[in-house]
2 protein chains.
Amino acid sequence: MTDPKASAIQVPPAEQAGRFARAREVQSRALLEDYVELIGDLITAHGEARVADIAERMGVAHPTATKTVARLKREGLATSRPYRGVFLTEEGARLAESVRSRHRTVVDLLVALGVPAEHAERDAEGIEHHVSQRTLRAFEAFLTKSETQPQS
Amino acid sequence: MTDPKASAIQVPPAEQAGRFARAREVQSRALLEDYVELIGDLITAHGEARVADIAERMGVAHPTATKTVARLKREGLATSRPYRGVFLTEEGARLAESVRSRHRTVVDLLVALGVPAEHAERDAEGIEHHVSQRTLRAFEAFLTKSETQPQS
DNA sequence: CCATAAAATTAGCCATGGCTATATCTTGCG
DNA sequence: CGCAAGATATAGCCATGGCTAATTTTATGG
Ligand SMILES: [Mn+2]
Ligand SMILES: [Mn+2]
Ligand SMILES: [Mn+2]
Ligand SMILES: [Mn+2]
């Protein structure tokens, strides 16, 4: 068991600052990740990703979706011509795939730990973005193990 | 195994929008949570929480910390008088305690799954805010179990 | 084929959370 | 004491990510 109180405070300030910086960094990427994942899903399901559908599924107003799509284009993740649908670049498609896979792993882990599916989906939508490669591997390892030998 | 592609798309749009809304909601609380936790730690360790220390540990400039403290006051989580330290209200202290406890649980879970401590700390700093009560209970249950009967 | 409905974009607003530069207050020391 | 130095606060800037209202483009059905 960790020492309850003093633990956080005796880590060097610079190191703690680094952790918070990482969290902020991740945060600024989270929205992009959710958009490319969703755009990929829409293209798979409907052959195209319309701004209206993106907005509806993200739960934001149309102009908000348009603005974010502009950012995706700026960052090289998507393309679109005015009044046409939105498409993913190679890089966008790659990101979408990795985001989708990580999302599934996070949900699967939560469910494996006994979290109801609905809850798992909700929490995963935020958690996923903060799960590093290293942590993802640990999740996968645990899932593989609990497949082989289910709960004791 | 879940169906790889179509899974996300056949959830009703309103429900998916709700998940994203939840994630945004959580996001807007995350900064407050980290601040009250840190302020609580500083008071425990040094008897007071100075803006300079808060800024240093959060990895932001002093004015940024001042501005966020103003928001904490607005939201009834902290108090402070100009050029004096920052203190937590009852509500702030309660929040700090629950945030600290959840933080520890998340770190412990990651470590229990085999994530190196440093990594666990980093990832937890972002993950923690998205862990609901229900999920937290699942984490605790797992940790209790793996104490009793360690890895097979 | 064109008028109107639907979809998308643009314009312009707000809050948050960063920053730097400047002003003000507190404090400790000579 | 009294005046630097240091700590804090204020002013004012920027980017992101929301919003509504207005405009422009596309698509359709009579
Ligand atoms: Mn997400
Ligand atoms: Mn997701
Ligand atoms: Mn945190
Ligand atoms: Mn924390």
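In what follows, every chain begins at residue 1, and chains take the letters A, B, ... in the order their sequences are listed.
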Please tell me whether His129(A) and Glu33(A) have a donor and an acceptor in their side chains that are separated by less than 3.5 angstrom.
yes
Could you check Glu121(B) against Arg19(A) for salt bridge (charged side-chain N to carboxylate O under 4.0 Å, His left out), going step by step and ending with a plain yes or no?
CA-CA 8 Å; Glu121(B) 281 293 345; Arg19(A) 292 178 192 161; 3.5 Å; yes
Of Val51(B) and Gln27(A), whose nearest nucleotide on DNA chain D comes first from the 5' end?
Val51(B)
Applying ring pair (Phe, Tyr, Trp, His ring centres under 6.0 Å), name anything that partners His130(A), two or more places apart in sequence or on another chain.
His130(B)
Can the ring centres of Phe20(B) and Tyr35(A) be said to be less than 6.0 Å apart?
no
Mapping Leu32(B) and Ser80(A) onto DNA chain C by nearest heavy atom, which one lands closer to the 5' end?
Ser80(A)
Side-chain N,O (Arg50(B)) to OP1/OP2 (dT8(D)) below 4.0 Å
yes
Look at Thr66(B) and dT8(D) and indicate whether a side-chain polar atom (N or O) is within less than 4.0 Å of OP1 or OP2.
no
What's Arg74(B) touching, base or sugar-phosphate or nothing? Going by heavy atoms closer than 4.0 Å.
sugar-phosphate
Determine whether Thr79(A) and Lys73(A) satisfy the following criterion, side-chain hydrogen bond (donor to acceptor under 3.5 Å, both in side chains), listing intermediate values before the conclusion.
CA-CA 6 Å; Thr79(A) 62; Lys73(A) 290 165 74 173; over 6 Å; no
Atom pair distance, as rounded to whole Å: CD1 in Ile54(A) and C1' in dT9(C)
14 Å
Under a 4.0 Å heavy-atom criterion, the protein footprint on nucleotides 18-29 of chain C, written with B, S and -, is BBBB--BSSS--
Are Phe142(B) and Asp108(B) side-chain neighbours, meaning at least one heavy-atom pair lies under 4.5 Å?
no
